[in-house]
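Below is one structure; the comments refer to it alone.
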Protein chains: 2
Amino acid sequence: MVSKTKEDAELTRNRIIAAARAVFLARGVSKSTLEHIAAEANVTRGAVYWHFENKTDIFHAMREQVFLPLIDQMDDRLGLTIDNTENPLTQIENSLCHTISELNENIEMREIYEIMMIKCEYVGEFAMVLDQILNNCSSLIEKIEIAYQRAQTQNLLASMLSPHALALDTHLFFGGLLHMWIKDADGSKFRHQAFDLIKTHINLRRK
Amino acid sequence: MVSKTKEDAELTRNRIIAAARAVFLARGVSKSTLEHIAAEANVTRGAVYWHFENKTDIFHAMREQVFLPLIDQMDDRLGLTIDNTENPLTQIENSLCHTISELNENIEMREIYEIMMIKCEYVGEFAMVLDQILNNCSSLIEKIEIAYQRAQTQNLLASMLSPHALALDTHLFFGGLLHMWIKDADGSKFRHQAFDLIKTHINLRRK
DNA sequence: TAATATACATACAAGCATGTATGTAAGCAA
DNA sequence: TTGCTTACATACATGCTTGTATGTATATTA
């Protein structure tokens, strides 16, 4: 049965990534074995080693599947790509809410977030992932700041605080929310009111 | 040289915990071996197994050393224990700032935070630690809420938002800040301005 | 259609990590 | 001082994991 065309191989590769996601989620990245992943994908370690160098390689592939598209989406929702007339504060609010919606609906994305937040040890090779995350944060903060800048220009802000300070506060709030959202697995503490929390956060800024 | 009195044994136990902290930090909890820990503590695995059941047991012991005292401190700083006349918003601000100071000065606490945030996979036996963390969050939110309640009573708040909503927002902000503080190892992005971020966050609430 | 590359499966060797079992010297209580 | 317990060290058996080497059937290309 070892007869695979290129498309079949691509499918196998994706199956391995999906399997890795399930295994990482269940056992944590460190305690996940290539044998576990192979079994979950109904292949042998031979197939895994054909497509990937090692576990780290699979991890990065899994991560890129979701995080690369995510960056661009954020631009659009913050109204940075097209001229727009909408309330910038509402745009920030919608952007944050949309990300939460994504987590609700996109199982793949939710699981990868969970893996990266509480099923992964950022040590050795994985340490550089933290740097990437920090960089993504910086660019996200800048984007939020631009939106707050527009809000300030339109005289929509309740306080005298700088757009930069507001953007940092919003970013930290949202980072905290994401962490709690993930950790609150049964949804009783944070998930059920995530949208309200975001609204409150933004309302605090509205004039 | 195997002659240890009870006090010596207690010292050995603490040395093992301290060694575990160093090893966890360097290699991550999962990839840390009892042999690594024993070597770091200048004992053998025999000593480790005498004092602890397994790695998980060491982890919990390490965690309790820092987190149990932490809870009580928070009460005091939020002014919940004694009658006081100070501005509640300032008390919240000071409480958060004090925690950051602790992270700056208390290496042990900082390292344990780092281990728990980015060097540990919350899976299997460790999953229940997440529940404990969530519970600690709930009680912390309640304490902050009481402080905001006092602020509202004293007509110090800039917005009409409920003390509960404000407390949640503050809690999420601070959770995000702690995460970023830890991840920002070189301090260039968040650590250097942590106090300012807290001040900004509270100023947003001051009338 | 012959040669080569692809896409795996299987087999093997080596190193760890764990838990436990056993050894042992010193402390401690009667 | 005798006997038991403490506080470890040492040794052993077992079970993973990993990486690589090898086998093999099919696809692809010249």
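Numbers restart at 1 for each chain; the letters A, B, ... are given by sequence-line order, proteins then strands.
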Which nucleotide in C:dA9, C:dG19, D:dG19 has an atom nearest any side-chain atom of A:Ala47: C:dA9

B:Thr44 side chain, from C-beta outward: closest of D:dA9, D:dT17, D:dT18: D:dA9

Nearest-angstrom distance from the residue atom NZ of B:Lys55 to P of C:dC16: 16 Å

Gap between atoms CG and P, on A:Asp57 and D:dT18 respectively (whole Å): 14 Å

Position toward the 5' end of DNA chain D (nearest nucleotide), B:Asn42 or A:Glu53: B:Asn42

Under-4.0 Å side-chain N/O to phosphate OP1/OP2 contact, B:Thr12 with D:dA7: no

A:Arg191 with A:Asp186: basic N within carboxylate O range, under 4.0 Å: no

B:Trp50 vs D:dC8: side-chain N/O to OP1/OP2 distance below 4.0 Å: no

Whole-Å distance separating the CZ atom of B:Arg45 from the C1' atom of C:dT20: 9 Å

Any side-chain heavy-atom pair of B:Phe126 and B:Val29 under 4.5 Å: yes

Sub-4.5 Å side-chain heavy-atom contact between A:Tyr148 and A:Gln152: no

Spacing of B:Phe52 atom CZ relative to C:dT18 atom C1', expressed in whole Å: 17 Å

A:Leu34 vs B:Gly46, nearer the 5' end of DNA chain D by closest nucleotide: B:Gly46

Under-4.0 Å side-chain N/O to phosphate OP1/OP2 contact, B:Tyr49 with C:dG19: yes

Nearest-angstrom distance from the residue atom NZ of B:Lys31 to P of C:dT18: 13 Å

OP1 or OP2 of D:dC8 under 4.0 Å from side-chain N/O of B:His51: yes

Sugar-phosphate, base or nothing in reach of B:Thr33, heavy atoms under 4.0 Å: sugar-phosphate

Axial cation check for A:Phe67 ring with A:Arg63, 6.0 Å and 45° limits: yes

